[in-house]
4 protein chains.
Amino acid sequence: MRQGGRPRDTHIDEAVLDAVSAILEETGYRTLAVEQVAKRAEVSKAAVYRRWPNRQSLVLAELRRRLGRVVTPDTGCTLCDLTEALNLFARTFTCMGPEFFSPLLADCSADPDLRTTFMETLFDPPREAVRATLSLALERGDLREDTDLTLTVDTLASLVHYRLLFGHAPVTEDELERAVTSLLSGLARDFPALRAKAGVTHGMA
Amino acid sequence: MRQGGRPRDTHIDEAVLDAVSAILEETGYRTLAVEQVAKRAEVSKAAVYRRWPNRQSLVLAELRRRLGRVVTPDTGCTLCDLTEALNLFARTFTCMGPEFFSPLLADCSADPDLRTTFMETLFDPPREAVRATLSLALERGDLREDTDLTLTVDTLASLVHYRLLFGHAPVTEDELERAVTSLLSGLARDFPALRAKAGVTHGMA
Amino acid sequence: MRQGGRPRDTHIDEAVLDAVSAILEETGYRTLAVEQVAKRAEVSKAAVYRRWPNRQSLVLAELRRRLGRVVTPDTGCTLCDLTEALNLFARTFTCMGPEFFSPLLADCSADPDLRTTFMETLFDPPREAVRATLSLALERGDLREDTDLTLTVDTLASLVHYRLLFGHAPVTEDELERAVTSLLSGLARDFPALRAKAGVTHGMA
Amino acid sequence: MRQGGRPRDTHIDEAVLDAVSAILEETGYRTLAVEQVAKRAEVSKAAVYRRWPNRQSLVLAELRRRLGRVVTPDTGCTLCDLTEALNLFARTFTCMGPEFFSPLLADCSADPDLRTTFMETLFDPPREAVRATLSLALERGDLREDTDLTLTVDTLASLVHYRLLFGHAPVTEDELERAVTSLLSGLARDFPALRAKAGVTHGMA
DNA sequence: CGATAAGCGAGACGGTACGTCAAGTCTTATA
DNA sequence: TATAAGACTTGACGTACCGTCTCGCTTATCG
């Protein structure tokens, strides 16, 4: 009862995830079948199901493996750090395979446990790096004190996700730098004037 | 042989989409099976397949139905217009069911035609409204001339999609207003200083 | 709702039972797998399961097919009729495959419905022929009036089953004739004497 | 290396057969899985397989345990002895669980060794008792000299098996007595007449 | 007494079959 | 020709046993 029994063969874990990886690469998420994974890994179906309860968990595990360590850049230069953080963020999802991310989320949404796992292992970690970078900038006094951190993280992260997901525009370093720049500098030619006008029209403070 | 034979029963189109709608609402995208749709609509499977070639098109049709007319606000107040445009954008996807959007895209991605249809019918129209709002503001001279329209549309649109998709934070009117505000005003306490510093550190222009 | 829909392809019923038959012949009951049956019949597994809910029913159906019409001999000669009836009985099970009979019963025993079907389709019909033959003999006045019909049917039928089942002794025409003869004539050299003795010893009436 | 090592725990043998027994009783032969047996006996699967090589042997062992000593009645009264022998025979299989007997045979049939074991341990012993009883009667001069012993053993034994196996009629003491009686006395009202008639019709000797 | 050899519980392993379900196509009879 | 009904092929699903195989531990007997 302790923890007896034959220990699991760790080569199998690896072989299975390798197979998942290969199939994801070759034919994508939709066609990934547990049976094929097992066959490709030269492993029995039971051995797979003993480790992961369903396809979703399987892909989740593989993507988590790809995620690896997420680092927070800290050079003292806010503009550079943010751009770099965003680049890392983008690279994370590029190398993870953005096209697996969304169907996986969709599949996970039905089952709360799965969804939680998804959020905790794939969604949160890369966001944390961006948030940490912003925190550093805030401490350094480079950002306005009323900055809403969550909103800002979302604004930056969502842009990457959005473009990767829909693929309607590229996610280059240059583009990301422009996005950071424009977010920091603001779009308005004369923001106080805009606000005043809005105040007149709408009673905004 | 133009249109001989029995004409299609238009009640069926409606009934089917209603069934799709109900199932999407109740159990989500993943569990939506054509067989169930047909049964629920009290219609034969063949009648469904005669109208739409597969599940994806079926959901696509239902979401397009929900999309309706997209309007561009134009009050002369940039701050108000943008906030309103974003609210409309959010409402569009809220009522369309944000959780169906991304898995549908994922499913459509395999087939280029389907993907194109997806982009043209569901992705572009609501974006156009935001873009038009921004164009008006630009013409009005309220935005900096070097504003990258596509990047800005993406920044705003992505935020909405992102939050709806992952559900980690709310998409209220208030939140959107703050997002617009911060985008227009900029986050930097002293942007030129940041840029100078970056220039020294990294050789940025 | 009436009875519309595509009618079942009767070739499939045949092909499946043929496949069952072939497999039973070649490798026996235990190895008969629905999947193999389907493959051999060049038919989908679903088509099989649409017709029969499980392996047992499948074999049941095939054996019933083999059973065919059971006839009652009636020549006026009791000795001959009975021998012939028993030969028919034996041939029925020989050609049906006696080795499938008992494991099938075993498999059916768990499920009451299945068991009933088994009894009604495989067990009762051949017995009826023997019983009918005995009835004729009784009417003819060839048998003692106190003959227990059920007991006699069982005595004859069981012998056949027993030998076929355990295979420890042959079931030839000759053997059956001797069995019928000995049953009709009795084994005792002097039955009344035996009975008297038993009465003395044990108080039997 | 003769007999070094830890000796087998004899409680396990018992516990396993008890579990087999219980499962046979409760859900029958088909559902008897070694895994379940082990679990129920609170014993490891390996411990079971160390003792018996497969399910069949397992059940075989349990039934052999139930068989116990088979005795041959010898009171000098043929009618009584035979009835008693048959009662013993019936009781043997009743307490052994008749419904496990035939499917077990079926399962054993694939493997010749297993089949031999089956016949030698379960089939022959109770038959021997009946045969011995008949032999005594024959020596005593109570049976006709041309009595075919094997055929008679089969006739009696098969009746019991048949009824127990198919369960379509009871196997009471009373029924068995009537069977013995009718077998000894014969069914024919006038056997010579029947034979003569058959001789005329069929040329039977 | 310590080495050796086997027994033991736990459970992983490769297989094989199970019975279910959905996708998308096809076939009939009816309207 | 559209329709409802439902059969059809295909192929994945997740489950359950089979009989074998470690693993780390326990328990006898032998040298």
Side-chain angles (χ1 to χ4, degrees), chain A residues 1-12 30-39 42-55, chain B residues 1-9 12 30-39 41-55, chain C residues 1-10 12 31-38 42-55, chain D residues 1-12 31-39 41-55:
Chain A
M1 28 218 59
R2 322 169 256 36
Q3 101 298 6
R6 176 173 173 175
R8 295 210 176 148
D9 182 346
T10 50
H11 296 67
I12 289 182
R30 279 179 47 224
T31 60
L32 185 134
V34 178
E35 203 135 20
Q36 296 308 309
V37 169
K39 178 170 287 179
E42 294 184 308
V43 139
S44 77
K45 218 169 38 145
V48 177
Y49 277 109
R50 201 170 292 121
R51 289 166 170 77
W52 298 278
N54 46 44
R55 301 169 56 216
Chain B
M1 75 172 66
R2 233 174 55 295
Q3 36 120 144
R6 174 172 169 178
R8 292 205 179 154
D9 181 345
I12 289 181
R30 261 177 73 218
T31 59
L32 184 135
V34 178
E35 202 134 20
Q36 297 308 312
V37 170
K39 177 170 287 178
E42 294 184 308
V43 141
S44 79
K45 228 177 15 156
V48 176
Y49 277 108
R50 199 168 295 118
R51 289 165 172 79
W52 297 278
N54 47 43
R55 308 167 52 215
Chain C
M1 26 216 63
R2 325 168 256 36
Q3 99 299 5
R6 175 174 173 175
R8 295 211 176 145
D9 183 343
T10 51
I12 289 182
T31 59
L32 185 136
V34 179
E35 204 134 22
Q36 296 308 311
V37 169
E42 295 185 308
V43 141
S44 75
K45 220 173 32 151
V48 177
Y49 276 108
R50 196 171 295 118
R51 289 167 171 78
W52 298 279
N54 47 44
R55 302 169 56 215
Chain D
M1 74 174 67
R2 234 174 52 291
Q3 43 135 65
R6 174 172 172 178
R8 292 202 179 155
D9 183 343
T10 51
H11 295 65
I12 289 182
T31 59
L32 185 133
V34 179
E35 204 135 19
Q36 296 308 311
V37 169
K39 177 171 290 179
E42 294 184 308
V43 140
S44 77
K45 225 175 21 152
V48 176
Y49 277 107
R50 200 169 293 120
R51 289 165 171 79
W52 298 278
N54 47 43
R55 306 168 55 215

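Residue numbers start from 1 in every chain, and the chains themselves are labelled A, B, ... in the order their sequence lines are given, proteins ahead of strands. These numbers come from the heavy atoms of this one structure, side chains and all, not from hydrogens, waters or symmetry mates.
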TODO: Please report, rounded to the nearest Å, how far the C1' atom of E/dA6 is from the CG atom of D/Asp9.
DONE: 13 Å

Open item on the list: The criterion is side chain to side chain donor-acceptor pair (under 3.5 Å); which residues satisfy it with C/Arg51, sequence neighbours excluded?
Closed with: C/Asp13

Open item on the list: Distance check needed: F/dA5 C1' versus B/Glu42 CD, whole Å only.
Closed with: 14 Å

Task: B/Arg30 CZ - E/dA22 P separation (whole Å) - done: 12 Å

Task: Spacing of D/Arg51 atom CZ relative to E/dG7 atom C1', expressed in whole Å - done: 8 Å

TODO: Verify the contact: side-chain N or O of D/Arg6 to OP1 or OP2 of F/dT29, cut-off strictly under 4.0 Å; return yes or no.
DONE: no

TODO: State the CD1-CZ distance between A/Ile12 and A/Arg50, to the nearest 0.5 angstrom.
DONE: 8.0 Å

TODO: Work out which heavy atom in D/Val34 is nearest to a heavy atom in D/Arg55; give both atom names and the distance.
DONE: CG2-CG, 3.7 Å

Task: salt bridge (Lys or Arg N to Asp or Glu O under 4.0 Å) against A/Arg30, all qualifying residues, sequence neighbours excluded - done: B/Asp107

Task: Phosphate OP1/OP2 of F/dC8: any C/Arg50 side-chain N/O under 4.0 Å - done: yes

- [ ] Write down the atom of C/Ala38, the atom of C/Ser44, and the distance for their closest heavy-atom approach.
- [x] CB-C, 4.0 Å

Task: From B/Gln36 atom CD to B/Lys45 atom NZ, the distance as rounded to the nearest 0.5 Å - done: 10.5 Å

Task: Out of E/dC8, E/dG15, F/dA28, whichever nucleotide has its closest atom nearest the side chain of D/Ile12 - done: E/dC8

Open item on the list: Between P on E/dG14 and NE2 on A/His11, what's the gap in Å once rounded to a whole number?
Closed with: 13 Å

TODO: Starting at the 5' end of nucleotides 12-19 of chain F, put B wherever the base has a protein heavy atom under 4.0 Å, S where only the sugar-phosphate does, and a dash everywhere else.
DONE: SSBB-BSB

